[in-house]
Amino acid sequence: MKFFVDTADIAEIRELADTGLLDGVTTNPSLIAKSGRNFLEVVEEICGTVEGPVSAEVTALDAPTMIAEGRKLAKIAKNIAVKVPLTWDGLKACKVLTGEGTMVNVTLCFSANQALLAAKAGATFISPFIGRLDDINLDGMELIHEIREIYDNYPALETEILAASIRSANHVKDAALAGADVATVPPAVLKGLAAHPLTDKGLEMFMADWKKTGQKIL
Ligand code: E4P
């Protein structure tokens, strides 16, 4: 499974990129607003920080303007994935932009039929939002299972399932079990994935016993 981080905070992105385990970044207009920075500048900086796909979202609602915005965003760097919403206009824009060789992430997906349409439109990534479905008492993870099954029924569909709106470590694990290709994870949740109290306790014991030997490796 690939790990993307869901943030526009460049310090957080750098810290995670330094682990060598970060495969990409997703942003959205809310995350850009939270960063307080200029959209085009921060996206360019992120693209220079990670090698993998960096999702940057269009803000137009009609296909022609989405396509124009997408073309402008795609010029920022080779690793831009233009993010378009799952509307008919977004699907039209997806078809055109992927036809031009640009990666496209179709976002705000809340149903299996929407995911099927995005794949038919040639999306590079489909972003089903797990947490927002859970928020309204629906089953976000069930959607990941459904999309996986549908995509696997049609091997010609190459769209990657990008599990989004992840809120917890369990969401990451369950999305991996469901066969999501990618998880985009908030920085705090991503950093928390390595934590386990028994790891800390075990390491403490090993260090105490190692000290007793009086030895050094270097
Ligand atoms: C994905 O690309 C979105 O930016 C994100 O996962 C949305 O998550 P939220 O529902 O926690 O805002």
Side-chain angles (χ1 to χ4, degrees), residues 1-10 12-13 16-17 22-37 39-40 42-43 45-47 49-50 52-60 66 69-70 73-74 76 79-87 90-91 93-94 97-98 102-111 114-115 118-119 121 123-144 147 159-176 178 180-193:
M1 181 187 238
K2 285 179 259 188
F3 282 140
F4 291 180
V5 66
D6 196 29
T7 185
D9 181 325
I10 195 78
E12 298 270 29
I13 293 167
L16 287 159
L22 188 65
D23 300 299
V25 176
T26 51
T27 67
N28 63 38
S30 306
L31 293 170
I32 296 295
K34 192 174 164 196
S35 79
R37 294 195 48 193
F39 176 39
L40 300 178
V42 77
V43 164
E45 203 174 335
I46 296 170
C47 287
T49 306
V50 294
V54 175
S55 290
E57 191 158 339
V58 299
T59 54
M66 281 185 197
E69 288 183 353
L73 293 172
I76 293 175
N79 54 338
I80 282 281
V82 174
K83 220 176 181 188
V84 300
L86 213 155
T87 59
L91 292 168
C94 173
L97 292 167
T98 54
T102 297
M103 289 187 284
V104 175
N105 175 359
V106 180
T107 190
L108 291 168
C109 170
F110 295 96
S111 80
Q114 288 182 319
T124 316
F125 303 104
I126 181 67
S127 289
F129 276 38
I130 298 169
R132 293 192 196 187
L133 282 168
D134 290 355
D135 287 346
I136 58 163
N137 290 325
L138 293 174
D139 188 345
M141 209 53 68
E142 179 58 25
L143 177 58
I144 304 290
I147 299 171
T159 303
E160 293 190 41
I161 303 172
L162 198 173
S165 189
I166 279 184
R167 306 274 170 77
S168 66
N170 275 344
H171 271 164
V172 177
K173 179 189 73 176
D174 291 340
D181 301 287
V182 191
T184 189
V185 188
V189 176
L190 197 44
K191 287 185 211 167
L193 294 184

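Remember, it's 1-based here, ligands and their atoms both numbered in the order they're listed. These numbers come from the heavy atoms of this one structure, side chains and all, not from hydrogens, waters or symmetry mates.
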Protein contact to [atom] [nearest heavy atom, distance to 0.1 Å]:
{"atom": "atom 2 (O) of ligand 1", "result": "Lys83 NZ, 2.7 Å"}
{"atom": "atom 5 (C) of ligand 1", "result": "Asp6 OD2, 2.8 Å"}
{"atom": "atom 12 (O) of ligand 1", "result": "Arg132 NH2, 2.8 Å"}
{"atom": "atom 4 (O) of ligand 1", "result": "Asn28 ND2, 2.7 Å"}
{"atom": "atom 8 (O) of ligand 1", "result": "Ser165 CA, 3.3 Å"}
{"atom": "atom 11 (O) of ligand 1", "result": "Arg167 NE, 3.2 Å"}
{"atom": "atom 7 (C) of ligand 1", "result": "Phe129 CE2, 3.6 Å"}

Quick check on side-chain hydrogen bond (donor to acceptor under 3.5 Å, both in side chains): which of Thr107, Thr26, Asn105 does Ser127 satisfy it with?
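So the option named by the test is Asn105.
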Would you say Ile32 and Glu57 make side-chain contact, with heavy atoms under 4.5 Å?
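When only atoms from C-beta onward are counted, Glu57 and Ile32 do not touch, as no gap falls below 4.5 Å.
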With rounding to the nearest 0.5 Å, note down the distance linking CG in Leu73 to CG in Leu40.
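One finds 6.5 Å between CG of Leu73 and CG of Leu40.
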From Lys83 atom NZ to Leu162 atom CG, the distance as rounded to the nearest 0.5 Å:
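Answer for the NZ-CG pair, Lys83 versus Leu162, is 8.0 Å.
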If the cut-off is 4.0 Å to any non-hydrogen atom of Ala164, which atoms of ligand 1 fall inside it?
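Taking each heavy atom of Ala164 in turn, ligand 1 has 1 (C), 6 (O) under 4.0 Å.
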Would you call Asp134 and Arg167 a salt bridge, using N to O less than 4.0 angstrom?
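Arg167 and Asp134: not salt-bridged.
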Hey, mind stepping through Ile126 and Leu86 against side chain to side chain contact (heavy atoms under 4.5 Å, CB included) and telling me if it holds?
CA-CA 9 Å; Ile126 181 67; Leu86 213 155; 3.8 Å; yes
